[in-house]
Amino acid sequence: MWWYVGKRLLQAIPVILGATLLIYAMVFLRPGDPIVALFGDKPVPEGTYQALREQYNFDKPFLVQWLLFLKGAVTLDFGTAFSGQPVIDLVQRAFPVTIKLAFMALVIEAVLGVAAGFYAGMRRGKLFDSTMLVVSLLVIAVPIFVFGFVLQLLVGIKLGALPALVSSQATFRELLLPAIVLGLVSFAYVLRLTRTSVIENLTADHVRTARAKGLPDGQVNRRHVLRNSLIPVVTFLGADLGGLMAGAVVTEGIFNVPGVGNLAFQAVRRGETPTIVSVVTIMVLVYVLTSLVVDLLYAWLDPRIRYA
Amino acid sequence: MPDGRPSKIRPGQERYVARLEDTPLHDVGALDTTAPPESQWKEAWKQLRKNPLFWVSAVLLVFLAVVIAVPGLFTSNDPSFCQPGKSLAVSSPGHPLGFDRQGCDVYSRVIYGARASVAVGVFTTLIVALLGLVTGAVAGFYGGFLDALISRIGDIFYAIPLLLAAIVLLSALNNVWPNRGFWGSVLAIVLALGLFGWPQVTRIARGAVIETKQQEFVDAARALGATPRRNLLRHVVPNSLAPVIVTATVSLGVFIVAEATLSFLGLGLPTSIVSWGNDIAASQNQVRAGQRLGTMFWPAGALALTVFSFILLGDAVRDALDPKAKKR
């Protein structure tokens with residue numbers, strides 16, 4: 001298995017290099033001079049201008065800028081933001097908040113999605129199943145920020161049940177509402193996946209065998225139906241962690257969460273290359289690592305799978 | 001040997017030849033060979049016709065197509081004619097849904113907004129499906145180095161979250177190419193979403209092609225002398241289309257939602273273009289203040305109904321194309 005892990009990590013290197021290069025190229029497309037933009041209407045002193053250009057490597061060719069970023073990134077030096085703070089400090093402050101938010105969303109969507117999907121699949125065609133199908137389609141069809149605003153207004157402001165905005169502390173209670181909003185779409189996907197998978201497994205040979213040998217229904221459903229139905233769900237959840245961090249751009253904006261989504265969005269607006277590339281690099285790393293963990297989880301869920 | 005492969009019978013080994021009655025060949029005589037062959041698509045259409053959900057989504061989508069083609073049929077108001085004096089006014093004769101903050105007629109904006117939103121969805125899906133199908137088919141069919149190359153390049157685009165990538169690319173495009181008009185703006189979003197959306201279809205197409213190329217009829221075609229290219233285009237690709245079509249239909253809805261999200265972030269269509277995404281984004285202040293929720297409800301509802309129809313259609317098509325799922 002370690003051989004497999006090593007191989008996968010080696011395969012990840014070109015992906016990370018390519019992804020950072022791609023983002024660098026896209027940010028480089030902007031013809032506007034971010035340093036001039038930084039000074040707004042004020043004239044930029046020539047000496048300062050040159051110094052800043054050198055500091056941010058804007059005077060060097062595109063590929064050299066990218067290589068310099070990589071060189072720094074290896075030693076965890078991601079450059080400095082326009083505010084003068086090292087990017088690593090900004091990321092270090094924002095990242096835990098987003099991780100907390102994303103994990104809360106992941107737990108919410110996984111628990112509710114699997115439970116509702118399992119129940120719906122076991123009672124296919126009944127009222128609960130039909131209701132859940134309509135609910136899941138609605139959740140997918142309505143843009144997430146609409147839910148964000150509506151829930152913020154209803155739960156946060158009208159009812160006052162949960163905080164409508166998040167402070168710089170980003171406590172568990174404050175993050176609950178944004179996490180629900182963030183996990184909502186994936187909840188619908190998890191529900192649909194689990195339901196389909198449960199229906200498929202209910203008629204599978206191994207479930208029939210388990211029933212035939214006299215295993216109680218509860219055990220058959222838990223050990224044979226549910227466990228085997230989880231394989232596609234786990235794949236989805238693993239791939240979704242990266243998606244949740246990107247979705248955080250919207251959710252964090254609505255609820256004013258001080259996370260990486262907000263950080264990235266502000267950086268894009270300012271054309272702050274080091275911050276954008278750092279955040280994207282981290283998200284790509286998260287994606288690569290979670291997909292590796294997912295593949296390893298397979299073996300636990302389905303012992304037939306072996307790694308070479 | 002009928003399949004053209006050299007036989008490998010070891011000395012002393014006897015071959016058992018079954019009687020015709022014991023083999024599946026026996027049933028061949030029972031088949032009505034004069035009947036015209038039923039293609040997978042004809043069979044699927046038969047199934048589709050029986051599905052009420054297909055008809056629900058089909059009626060909704062045909063209605064949507066009419067709205068896009070001739071919006072003047074549904075409203076005589078100009079969506080860009082706004083009277084600041086009527087800001088947030090409630091409904092009045094000729095203006096059934098009232099007015100938004102700018103004093104524009106909400107109903108006519110919902111009608112005219114369909115065009116931009118659906119255009120983004122349709123064209124992004126076309127690009128993603130085409131690019132995904134070509135790369136996936138080549139990777140799956142030829143394997144080896146081409147497969148590794150396409151898969152790794154796909155990984156790079158897939159590893160960057162779609163929304164974030166689109167934000168970065170669009171913010172760059174807005175600077176390089178400002179004031180790009182209706183189709184230019186649509187194209188920019190299509191490019192941003194398409195450039196990072198194709199690897200998902202590639203993966204699905206690749207999987208389907210690998211599965212199809214192992215089937216007997218592909219071997220048969222090869223044995224009859226079909227070149228790999230002909231085999232790929234005439235036999236493998238047509239038989240791998242089903243999952244790609246299903247994914248494309250569902251993702252059409254997802255791309256429409258993505259356009260709305262980008263517009264909400266201020267990076268989608270310029271505000272001068274009437275689109276559902278822009279109207280939902282513009283209404284956020286009213287919703288925050290808790291007044292005139294209709295300004296968000298109607299464009300969001302129209303968008304949701306459209307996406308809903310496409311997902312339903314995708315589900316119905318999947319059930320029709322996957323004979324295994326039907327029985328369940």
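Lettering of chains follows the sequences in order, A, B, ..., and the numbering in each one begins at 1.
Side chains of B:Gln200 and B:Thr247: a donor-acceptor N/O pair is absent below 3.5 angstrom, by distance only. Judged purely by distance below 3.5 Å, without hydrogens or angles, the side chains of B:Ser263 and B:Glu259 pair a donor atom with an acceptor atom.
Counting heavy-atom pairs closer than 4.5 Å to chain A, the top residue among B:Thr306, B:Ile156, B:Ile280 is B:Ile156. For the options B:Ile153, B:Leu162, B:Ile160, heavy-atom pairs under 4.5 Å to chain A are most numerous at B:Ile160.
At a 4.5 Å heavy-atom cutoff, the contact between A:Ala19 and chain B is made by backbone and side-chain atoms alike. With a 4.5 angstrom heavy-atom cutoff, A:Ile254 touches chain B via backbone and side-chain atoms both. B:Ile256 does not touch chain A: none of its heavy atoms, backbone or side chain, sits under 4.5 Å away. Using a 4.5 Å cut-off between heavy atoms, A:Leu285 makes no contact with chain B at all. Contact annotation for A:Leu137: both backbone and side-chain heavy atoms come within less than 4.5 Å of a heavy atom of chain B. Both the backbone and the side chain of A:Phe149 come within less than 4.5 Å of a heavy atom in chain B. Of the atoms belonging to B:Ile311, it is side-chain heavy atoms, and not backbone ones, that fall under 4.5 Å from chain A.
Judged by the 6.0 Å and 45° rule, B:Arg203 forms a cation-pi pair with B:Tyr158.
The six-membered or imidazole ring of B:Phe255 lies away from that of B:Phe310, with a centre-to-centre distance of 6.0 Å or more.
At distances below 3.5 Å, at least one donor-acceptor pair connects side-chain atoms of A:Thr203 with backbone N or O atoms of A:Glu200. With hydrogens and angles ignored, the 3.5 Å screen pairs a side-chain donor or acceptor of A:Asp129 with a backbone N or O of A:Gly125. The backbone N or O of B:Asn278 sits less than 3.5 Å from a side-chain atom of B:Ser275, completing a donor-acceptor pair.
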